[in-house]
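Every chain is numbered from 1, with letters handed out A, B, ... down the list of sequences.
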Protein chains: 2
Amino acid sequence: MHRGERLGTSRGTTAGNISAMLLVRRVHSLTRLGPLNTQRLQVAPAAASSAVRLWSSSRDDQRSYQRGHSPSWRNALAGLLAGAGAVLAYGLHHHKAERADTIRVQTTEKSSSLPTFSQEEVTKHRSLDDGVWVTYRGGVYDITEFVAMHPGGDKIMLAAGGALEPFWALYAVHNEKHVLDILSEYKVGELSADDLKKQQTVESSDPYALDPKRHPMLHTNSLKPFNAEPPPEILTDSYITPSAFFFKRNHLPVPQVDPASYQLVVEGLPGGVLKLSLEELKTKFPKHTVTATLQCAGNRRSEMNKVKQVKGLNWGLAAIGNATWSGAKLRDVLLAAGYGSDVAQWARHVQFEGLDKDVMGTAYGASIPVNKAVSEEGDVLLAYEMNGEELPADHGFPVRVVVPGTVGARNVKWLRKIIVSTDESSSHWQQNDYKGFSPGIDWDTVDYRSAPAIQELPIQSAITTPSDGAVVYRSAKEVTVKGYAWSGGGREVVRVDVSLDGGKTWQVAQLRGNEKGQGPEFSPPPGRAWAWKLWEVSAPLPPEVQELEIVCKAVDNSYNMQPDTISPIWNLRGVLSNAWHRVKVNIREDAVEE
Amino acid sequence: MHRGERLGTSRGTTAGNISAMLLVRRVHSLTRLGPLNTQRLQVAPAAASSAVRLWSSSRDDQRSYQRGHSPSWRNALAGLLAGAGAVLAYGLHHHKAERADTIRVQTTEKSSSLPTFSQEEVTKHRSLDDGVWVTYRGGVYDITEFVAMHPGGDKIMLAAGGALEPFWALYAVHNEKHVLDILSEYKVGELSADDLKKQQTVESSDPYALDPKRHPMLHTNSLKPFNAEPPPEILTDSYITPSAFFFKRNHLPVPQVDPASYQLVVEGLPGGVLKLSLEELKTKFPKHTVTATLQCAGNRRSEMNKVKQVKGLNWGLAAIGNATWSGAKLRDVLLAAGYGSDVAQWARHVQFEGLDKDVMGTAYGASIPVNKAVSEEGDVLLAYEMNGEELPADHGFPVRVVVPGTVGARNVKWLRKIIVSTDESSSHWQQNDYKGFSPGIDWDTVDYRSAPAIQELPIQSAITTPSDGAVVYRSAKEVTVKGYAWSGGGREVVRVDVSLDGGKTWQVAQLRGNEKGQGPEFSPPPGRAWAWKLWEVSAPLPPEVQELEIVCKAVDNSYNMQPDTISPIWNLRGVLSNAWHRVKVNIREDAVEE
């Protein structure tokens with residue numbers, strides 16, 4: 001059974017009528033056939049935050065859990081809620097139009113004939129044994145059987161016995177008609193008028209209300225949390241990406257931080273806990289500046305989506321940017337906090353926690369290998385400046401980690417805590433998300449432990465101009481192609497090949513490796529090429545050709561190359577999309593004017 | 001003009017009659033049209049060894065030289081003689097049969113009517129101005145006009161005014177009829193009987209006579225120098241490749257080294273020259289053991305040759321092996337020799353020279369970046385043991401460099417000298433050979449300086465069994481596929497995908513990361529995964545299919561992937577051949593026996 005896959009491939013086929021709703025119903029029915037794995041889900045609200053931890057703290061438990069009842073649906077959508085709000089909307093959205101006509105009957109409100117419950121009664125239903133009830137806008141819903149199907153996994157239990165509104169405010173994905181449709185199925189009653197009034201008086205405000213203003217030119221992939229990228233051609237306008245146009249990838253609301261009271265905490269070292277104010281971080285440690293490219297693991301995911309639907313924000317090719325970052329070296333801070341050869345014996349990872357938190361207070365978290373963190377040549381910064389100015393709110397004010405050569409997800413923003421440890425971060429984003437799997441792996445068969453957390457990224461390049469579908473006039477005589485190229489792990493891009501004929505013949509592009517000059521004379525130290533190269537090639541328009549298929553592929557100094565096509569690197573999360581980039585351009589004959 | 005290319009593509013077409021000889025004649029004619037670049041070629045025998053140095057000591061000179069007269073032919077074959085003896089033989093050999101009939105007239109001896117010259121007269125002709133004469137088996141040849149066409153480049157000038165025999169003994173490629181055919185064109189006379197007798201008394205012996213015995217199972221790509229690989233299925237028989245089956249890649253004769261008088265020289269450090277006996281190397285420094293895979297840059301070159309002819313030994317897929325190496329850490333020796341923070345300010349490369357030398361005493365040489373050489377985590381060894389025994393003669397007895405994660409060519413054997421320097425090795429093998437170029441670059445357009453010397457190698461994998469064209473019987477019900485996977489730079493192989501249908505669908509192979517166990521529980525420290533993984537997958541034979549196209553592709557922990565196809569990574573030297581490996585297998589229905 002490949003249910004998760006079918007969900008994706010049904011788009012645009014005659015099987016398209018197998019809507020998300022029917023799929024939910026089917027899995028729903030399946031769950032009736034076997035005993036529910038109730039033990040893990042008997043979580044009272046008071047213990048809810050430990051329930052969240054259960055999800056990732058014990059790998060063995062987690063695995064057997066995933067292999068328990070109805071794993072496909074659970075795995076298919078597990079963890080999406082946490083920090084990938086737009087995902088579900090995307091994944092289900094394309095079924096909505098079809099469903100609207102065929103199953104409208106299911107959305108009929110059943111309110112009039114239903115009993116009224118007090119909040120006290122609702123609160124008793126917060127486990128699978130007792131039933132899982134929630135309230136929403138005065139309605140009471142028994143979602144016990146939906147728990148196993150919840151795209152966001154266990155997190156739904158956080159709302160058990162209470163109101164959905166505070167959670168849905170955080171994860172705006174729920175504000176969709178089809179989500180209300182699903183909910184309406186489970187309605188069992190009305191909340192008493194008194195209790196509804198009480199709820200409304202403590203109604204939570206929009207946690208995103210204080211998010212900063214953004215540049216209107218950005219293309220928004222998700223508003224809450226905010227995820228956006230610039231128009232691709234902006235990227236090759238300047239070697240350093242202006243902060244306003246640098247892609248934004250937030251998992252949660254932007255935390256409001258008072259720089260005067262900010263404290264950075266360093267834990268896990270023999271000297272005990274070290275706390276540093278922003279001022280101390282800036283004055284007690286030398287300031288280093290590194291030009292480094294950051295790229296989201298999901299950059300170019302939209303191309304994977306064209307092959308087969310994946311789960312994740314539908315990034316174009318501009319979830320990448322190049323900036324100068326200034327701050328203290330993580331190495332210096334760790335040494336000051338007591339890191340030494342004793343610690344090196346046992347320490348394996350350095351974990352980071354952000355100030356950005358979900359409803360239950362779980363912070364965004366990630367980790368990097370300790371050798372990268374402490375290496376003199378690793379250049380890991382606790383950055384407080386971006387492009388010569390104070391870090392912008394969207395990029396981690398007042399302090400973020402910059403891990404050059406490493407996937408964006410480990411460059412934790414709004415940094416609160418650094419923990420030297422024997423273990424990787426136990427966060428969802430380290431353990432389950434941001435990993436790459438074989439194209440043959442689907443949500444039925446995925447074993448998160450089988451793949452390493454993404455750290456260094458592979459060789460990447462893309463064409464920023466012309467754009468796909470652009471028109472070039474014959475009178476222009478030539479076409480100029482521009483783009484970016486970058487590789488993870490400090491591996492320098494040494495060549496970009498460009499083809500105008502879909503990959504049959506190739507020419508070598510000119511590289512630009514800094515603000516001004518061309519490539520060859522600028523070469524960073526081996527293993528420390530953290531910044532991208534911009535590239536450009538101008539070529540005559542081939543005569544008697546109506547369409548160009550422009551392709552680029554880059555090579556780094558380990559001679560890694562990009563794969564030719566996307567299908568063989570397709571993966572269920574849509575990360576690591578680095579096949580050759582292709583755009584088609586039409587050549588138009590000029591109107592004859594005399 | 002793409003003459004070098006045409007030489008390759010003519011194979012197997014009706015244009016096959018454009019034989020190598022005709023090509024030589026054509027280029028020959030072209031050389032008459034312009035002035036020869038005589039300045040650089042006015043090299044007296046006494047200065048011959050500096051002429052060799054000229055080839056690589058000045059990059060600017062070299063480039064303008066290459067851009068001088070008839071560059072295509074010169075560049076096409078430049079440097080091949082030096083250490084790649086079988087190349088020319090391969091490049092020209094397939095034309096021989098065709099030529100034999102059509103141009104036999106050219107091979108007619110012209111001896112009877114020609115004058116007799118003394119050795120003294122011959123010796124006067126050793127520059128392009130005075131003419132370049134050589135003798136061979138009593139004949140005198142004026143090869144002035146051939147100099148610019150010599151596949152081995154300038155090295156031909158070493159023989160100017162003298163006998164060819166000692167040189168041809170070193171580079172056995174010349175012992176081919178078509179080479180004699182070319183030579184015969186230039187015959188101008190006979191050597192006097194007295195001088196011929198003198199020559200014969202000092203006739204050089206075969207410099208390869210003392211090469212060690214090799215295992216008869218090896219497939220020989222070149223006998224002198226010796227280059228051979230094992231049958232592929234041997235590789236997956238054991239995690240550690242037995243030394244006898246480990247691929248041999250020699251550029252020159254195997255030097256005979258007396259371990260008692262052996263001295264390793266370390267130069268370029270403030271403390272002066274350090275000399276170490278073998279005993280001192282073994283006793284003064286801790287002995288470290290590293291399991292590391294070595295791979296030739298040309299591994300799988302034969303697959304590139306099928307796309308379009310390249311220059312180089314026609315390696316199959318077994319120019320790779322995995323061994324345990326024991327010795328002193330290069331880091332420890334450099335520290336003992338005076339390496340410190342002062343040196344770190346200016347040192348950029350560590351050069352190595354072997355005891356294997358060409359006729360003029362030029363040693364094999366290569367270099368690696370200094371940060372790799374001195375890094376605690378770089379694990380670079382001065383190895384004196386392979387697989388627990390003294391280094392075999394073919395693998396560098398008594399001492400070789402082992403640079404884990406780095407292309408074989410930098411793992412200098414029969415190590416004589418270590419030089420800490422600001423510069424890369426100036427050797428041909430560092431500056432011109434062992435570099436990767438765009439598929440659009442040919443011998444007319446190549447600029448050696450445009451590409452970095454290969455150091456770390458990209459992700460690689462191949463299928464060792466079944467072999468291409470193998471037969472599987474339907475009654476076997478399933479097929480078992482085995483292979484190896486490895487990546488350079490200490491990047492761990494984390495997954496191998498295998499397809500039975502040419503890449504449409506994929507399954508994940510089981511990895512084996514050490515002598516006994518399977519993958520997951522064995523994980524080397526980050527960045528220090530020096531050894532390959534063997535892999536295996538068994539899959540049911542798909543019904544109603546007559547042929548399987550089995551494909552493998554590997555992924556390393558930087559999520560680098562192999563490119564899909566060979567054409568887009570084709571390069572004129574045929575290095576870095578790491579596209580998906582494909583084998584076709586026929587499924588045969590069993591005979592019905594009752």
Side-chain angles (χ1 to χ4, degrees), chain A residues 297 348 369-372 375 377 405 407 436-441 445 449-452 454-459 487-489 491-492 494-497 499 503-508 520 523 525-528 551 553 555-565 567-569 575-576 578-580, chain B residues 297 348 369-372 375 377 405 407 436-441 445 449-452 454-459 487-489 491-492 494-497 499 503-508 520 523 525-528 551 553 555-565 567-569 575-576 578-580:
Chain A
R348 293 291 172 271
V370 71
N371 60 343
K372 171 72 176 172
S375 164
E377 297 178 340
V407 63
F437 296 96
S438 172
I441 299 293
T445 55
R449 299 183 310 163
S450 69
I454 300 171
Q455 296 284 353
E456 296 179 357
L457 284 171
I459 179 76
S487 189
R491 289 179 284 280
E492 184 181 1
V494 296
R495 199 180 80 230
V496 174
D497 296 328
S499 173
K504 289 188 203 68
T505 62
W506 300 90
Q507 51 196 304
V508 178
S523 209
R528 296 167 83 176
V551 187
K553 63 182 174 84
V555 183
D556 69 24
N557 65 352
S558 296
Y559 284 101
N560 281 300
M561 324 262 180
Q562 296 177 246
D564 309 19
T565 57
S567 294
I569 61 166
V575 290
L576 305 158
N578 75 327
W580 300 355
Chain B
R348 292 293 173 270
V370 71
N371 61 343
K372 171 72 176 173
S375 164
E377 298 176 341
V407 63
F437 296 96
S438 172
I441 299 292
T445 55
R449 299 182 309 162
S450 69
I454 300 171
Q455 296 284 353
E456 296 180 356
L457 284 172
I459 179 76
S487 189
R491 289 180 284 281
E492 185 181 0
V494 296
R495 201 181 79 229
V496 174
D497 296 328
S499 173
K504 289 188 204 69
T505 61
W506 300 90
Q507 50 197 303
V508 178
S523 209
R528 296 168 84 176
V551 187
K553 64 181 174 82
V555 183
D556 69 25
N557 65 351
S558 295
Y559 283 102
N560 281 299
M561 324 263 179
Q562 296 176 247
D564 309 18
T565 57
S567 294
I569 60 167
V575 290
L576 306 158
N578 75 327
W580 300 355

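Rounding to the nearest 0.5 Å gives a distance of 8.5 Å between CG of A:Asn371 and CZ of B:Arg528. Expressed to the nearest 0.5 Å, how far CD1 of B:Ile441 lies from CD of A:Gln507 amounts to 10.0 Å. B:Trp580 CH2 to B:Met561 CE: the interatomic distance, rounded to the nearest 0.5 Å, is 11.0 Å.
The main-chain N or O of A:Pro526 is never found under 3.5 Å from a side-chain atom of B:Lys372 such that the two would form a donor-acceptor pair.
With respect to A:Arg491 and B:Glu456, no salt bridge is recorded, no charged nitrogen being found less than 4.0 Å from a carboxylate O.
In this structure, no portion of A:Ala579 lies under 4.5 Å from any heavy atom of chain B. In this structure, chain B has heavy atoms under 4.5 Å from both the backbone and the side chain of A:Ile454. At a 4.5 Å heavy-atom cutoff, A:Thr505 makes no contact with chain B through either its backbone or its side chain.
With chain A as the partner, the residue from B:Pro563, B:Gly440, B:Ser487, B:Ser558 showing the most heavy-atom pairs under 4.5 Å is B:Ser558. Between chain A and the options B:Leu576, B:Asp564, B:Ile569, heavy-atom pairs under 4.5 Å are most frequent for B:Asp564. Interface remark: of the candidates B:Pro369, B:Pro452, B:Ser567, B:Pro452 forms the most heavy-atom pairs closer than 4.5 Å to chain A. Comparing A:Glu377, A:Gln562, A:Lys504 by how many heavy-atom pairs each has under 4.5 Å with chain B, the most go to A:Glu377. Here A:Thr565 is the residue among A:Thr565, A:Asn578, A:Asp556, A:Leu457 with the most heavy-atom pairs under 4.5 Å with chain B.
Residues B:Asn560 and B:Pro458 fail the side-chain proximity criterion, which asks for heavy atoms closer than 4.5 Å.
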